[in-house]
A.B. asks: 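First the structure, then my questions, so here it is.
Quick note: numbers below take in every heavy atom, side chains included, and nothing from hydrogens, waters or symmetry partners. Computed from a predicted structure; not experimentally measured.
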Amino acid sequence: MKIAFFDVKPYDKQFFDKVAKERGVTVKYFETKLTEDTVTLAKGSDAVCVFVNDTVNANVIDGLYNLGIKMIALRCAGYNNVDVKHAFGKIHVFRVPAYSPYAVAEHAMAMLLTSIRRIHKAYIRTRDFNFSLNGLSGFDLNGKTVGVIGTGKIGRVFIDICKGFNMNVLAYDKYPSRELEEQNKAKYVELEELFKNSDVISLHCPLTEETYHIIDKNSIDLCKKGVVIINTSRGALVDAEHLLSAIKERKVGAACLDVYEEESELFFEDFSGHIIDDDVLARLISMPNVIVTSHQAFLTAEALENIANTTIDNLCNFIKNGECSNEICYRCGKTEDCKKGKCF
Ligand code: NAD
């Protein structure tokens, strides 16, 4: 089997080379993203492997289909960048549903602590031998209320971490987990109550039509003054312009953003010598109470190893058995437990 990889970085190659050799598959790496302009690079491959910011719209899917490509392997969990409806009946789409919920949840907490304890400021000061503490006061997490939106794999690990800090947890999920409430880990509430009562809000739901801009002017208006917003899920969950306004108005106390709505043109690349056209992002980054990381939450050795193993296994299992439990199936609407590749 020959796989064309798009948007590949050195850390991807390190893990995929090893797994590809073990499974006897041939890999071809492209640094460029998959787009309508680059789709022909996949010619001669059996499958393409893509990441969060590759474009897998109807035109790209048709382009791949016309090249005889039958499989798209996402090396990530979220699939909002794939037109799964259009792919149905043409190309099978697989994902890596879980590679390390710990990586993402721990990063969310790392950003929160960095932000509220002003570590990002202290680090720069002490490197310049400035040992002043002025302006570095933070607040305790102990006894504060965190609102967690999305209590799936990552949300639950984040809740466990927050419980370790003795925080009260309010949760919202379209499909609440009775187990979490029975274990006294979280109290499910309606979104409005979560917004009104949380000191910290962390997003761990997928990006869908329902969750698009779940943090916008209306929801921020409901929040406590000084609320801290953490987004390690998908950029478009937050209306960045409204977030910026709320930060300027001192309504939002801090923002920790690992993802950004318009990240696909910028994140994962070095623009340090360039002028950034995106004024909203530039202004957010200029704020002392905003921390931006460039979709880094997944980036641990454990997660990268799991991603490489599951991605290649998804393709190998499908070739061998004609089914894959990690197929994203449009027809039955499930991502797991569908007819496993036999829906079409
Ligand atoms: P998951 O599927 O285990 O959990 C998602 C949860 O969101 C589920 O409990 C689901 O019921 C809930 N949900 C669905 N629709 C909802 C809605 N409308 N409102 C509220 N909740 C809703 O997924 P996960 O592994 O926990 O990942 C969560 C998200 O994290 C992914 O969708 C992905 O976008 C993001 N992610 C980011 C990174 C990163 O590096 N920053 C890495 C992996 C995943």
Side-chain angles (χ1 to χ4, degrees), residues 5-16 29-35 49-56 74-81 96 99-115 119-121 123-124 154 158 202-207 213 215 228-241 243-244 247 252 254-304 306-308:
F5 281 70
F6 287 86
D7 202 11
V8 175
K9 298 284 179 276
Y11 47 81
D12 293 313
K13 286 185 193 167
Q14 186 191 339
F15 288 89
F16 273 103
Y29 295 124
F30 297 106
E31 286 181 19
T32 180
K33 290 188 182 63
L34 178 62
T35 65
C49 179
V50 298
F51 197 46
V52 291
N53 290 327
D54 288 292
T55 304
V56 195
L74 291 160
R75 51 181 192 277
C76 54
Y79 51 92
N80 51 286
N81 56 331
V96 182
Y99 29 93
S100 173
Y102 307 101
V104 183
E106 289 171 14
H107 190 78
M109 181 50 82
M111 292 185 93
L112 174 60
L113 286 173
T114 302
S115 165
I119 306 292
H120 55 307
K121 294 286 171 193
Y123 173 77
I124 292 167
I154 296 170
F158 186 71
S202 196
L203 303 174
H204 299 290
C205 55
L207 174 62
H213 285 185
I215 301 289
V228 180
I229 292 172
I230 310 167
N231 188 9
T232 56
S233 196
R234 282 292 181 269
L237 295 175
V238 175
D239 184 325
E241 286 190 35
L243 176 68
L244 179 58
I247 289 168
V252 168
C256 307
L257 309 173
D258 185 52
V259 285
Y260 174 67
E261 188 165 3
E262 304 300 331
E263 71 177 48
S264 62
E265 296 300 314
L266 297 164
F267 281 19
F268 307 130
E269 307 299 335
D270 179 359
F271 286 100
S272 54
H274 296 247
I275 291 163
I276 298 295
D277 290 325
D278 187 328
D279 289 348
V280 175
L281 181 64
R283 189 76 174 98
L284 281 169
I285 288 175
S286 78
M287 294 286 181
N289 52 354
V290 175
I291 296 181
V292 174
T293 52
S294 59
H295 210 132
Q296 181 190 333
F298 74 100
L299 200 67
T300 66
E302 291 82 357
L304 288 169
N306 289 339
I307 288 170

A.B. asks: Rounded to the nearest 0.5 Å, how far apart are CG of Asn81 and OG of Ser264?
C.D. replies: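 One gets 9.5 Å once the value is rounded to the nearest 0.5 Å.
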
A.B. asks: Mark yes when over 12 heavy atoms from residues, nucleotides or ligands other than Tyr102 sit less than 6.0 Å from its OH; otherwise mark no.
C.D. replies: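 Open: at most 12 neighbouring heavy atoms sit under 6.0 Å from OH of Tyr102.
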
A.B. asks: For Arg75 and Cys49, indicate whether the former's side chain and the latter's backbone hold a donor-acceptor pair under 3.5 Å.
C.D. replies: yes

A.B. asks: Pair Thr55, Lys33 - check side chain to side chain contact (heavy atoms under 4.5 Å, CB included), show working.
C.D. replies: CA-CA 8 Å; Thr55 304; Lys33 290 188 182 63; over 6 Å; no

A.B. asks: Do Thr232 and Ile230 have side chains that approach each other closer than 4.5 Å (heavy atoms only, starting at C-beta)?
C.D. replies: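 Yes; the side chains approach each other to less than 4.5 Å.
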
A.B. asks: Checking side-chain polar atoms at under 3.5 Å, does Asn231 have a donor or acceptor matched by the opposite partner on Ser233?
C.D. replies: no

A.B. asks: So which heavy atom on Phe15 is nearest to which on Ala301, and how close?
C.D. replies: CE2-O, 3.8 Å

A.B. asks: Hey, mind stepping through His274 and Ser272 against side chain to side chain donor-acceptor pair (under 3.5 Å) and telling me if it holds?
C.D. replies: CA-CA 6 Å; His274 296 247; Ser272 54; over 6 Å; no

A.B. asks: Taking side chain as C-beta onward, heavy atoms only, is Ile247 less than 4.5 Å from Leu284?
C.D. replies: yes

A.B. asks: Quick one: pull up CD in Glu265 and CG in Asp277 and give me the separation to the nearest 0.5 Å.
C.D. replies: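 Between atom CD of Glu265 and atom CG of Asp277 there are 10.5 Å.
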
A.B. asks: Can you see which heavy atom on Cys256 is nearest to which on Val228, and at what distance?
C.D. replies: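 In this case the closest contact between Cys256 and Val228 is SG-CG1, 4.4 Å.
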
A.B. asks: Provide the full list of side chain to side chain donor-acceptor pair (under 3.5 Å) pairs with a residue in residues 287-296, sequence neighbours left out, each pair given once.
C.D. replies: His107-Thr293, Asp258-Thr293, Glu263-His295

A.B. asks: So do the side chains of Phe267 and Val292 get within less than 4.5 Å of each other, counting heavy atoms only?
C.D. replies: yes

A.B. asks: Given Leu304, which of Phe16, Tyr11, Tyr99 fulfils the side chain to side chain contact (heavy atoms under 4.5 Å, CB included) condition?
C.D. replies: Tyr11

A.B. asks: Can you confirm whether Leu266 sits close enough to Leu281 that some side-chain heavy atom of one is under 4.5 Å from a side-chain heavy atom of the other?
C.D. replies: yes

A.B. asks: Has Glu31 got more than 12 heavy atoms of other residues, nucleotides or ligands less than 6.0 Å from its CD?
C.D. replies: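 For Glu31, atom CD is not crowded (no more than 12 foreign heavy atoms under 6.0 Å).
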
A.B. asks: Let me confirm one number: the CD1-CD1 distance from Ile119 to Ile124, rounded to the nearest 0.5 Å.
C.D. replies: 12.0 Å

A.B. asks: Would you please test His213 and Val238 for side chain to side chain contact (heavy atoms under 4.5 Å, CB included) and show each step?
C.D. replies: CA-CA 5 Å; His213 285 185; Val238 175; over 6 Å; no

A.B. asks: So how far is it from Thr35 OG1 to Asp7 CG, rounded to the nearest 0.5 Å?
C.D. replies: 11.0 Å

A.B. asks: Assess, by modelled atom type and distance only, whether the side chains of Asp12 and Tyr29 contain a donor and an acceptor separated by less than 3.5 Å.
C.D. replies: no

A.B. asks: I need the Ile215 CD1 to Asp239 CG distance, nearest 0.5 Å.
C.D. replies: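 Here the rounded value is 10.5 Å.
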
A.B. asks: Looking only at atom types and distance, does a side-chain atom of Thr114 sit under 3.5 Å from a main-chain N or O of Ala110, one as donor and one as acceptor?
C.D. replies: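 Yes: the side chain of Thr114 pairs with the backbone of Ala110.
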
A.B. asks: Is there a side-chain contact between Val96 and Leu74 (heavy atoms, below 4.5 Å)?
C.D. replies: no

A.B. asks: What do the steps show when you test Arg283 against Glu241 for salt bridge (charged side-chain N to carboxylate O under 4.0 Å, His left out), and what is the final call?
C.D. replies: CA-CA 10 Å; Arg283 189 76 174 98; Glu241 286 190 35; over 6 Å; no

A.B. asks: Go through the steps to decide whether Val8 and Phe30 satisfy the test side chain to side chain contact (heavy atoms under 4.5 Å, CB included), and finish with yes or no.
C.D. replies: CA-CA 6 Å; Val8 175; Phe30 297 106; 5.8 Å; no

A.B. asks: Under the side chain to side chain contact (heavy atoms under 4.5 Å, CB included) rule, what do Leu243 and Val252 come out as? Steps first, then yes or no, please.
C.D. replies: CA-CA 8 Å; Leu243 176 68; Val252 168; 4.2 Å; yes

A.B. asks: Of all residues at least two apart in sequence or in a different chain, which pass the salt bridge (charged side-chain N to carboxylate O under 4.0 Å, His left out) check with Lys13?
C.D. replies: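 Not a single residue meets the salt bridge (charged side-chain N to carboxylate O under 4.0 Å, His left out) criterion with Lys13.
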
A.B. asks: Quick one: ring pair (Phe, Tyr, Trp, His ring centres under 6.0 Å) partners of Phe298, sequence neighbours excluded?
C.D. replies: Phe51

A.B. asks: For the atom pair CZ (Phe5) and CG (Leu34), what is the distance rounded to the nearest 0.5 Å?
C.D. replies: 13.0 Å

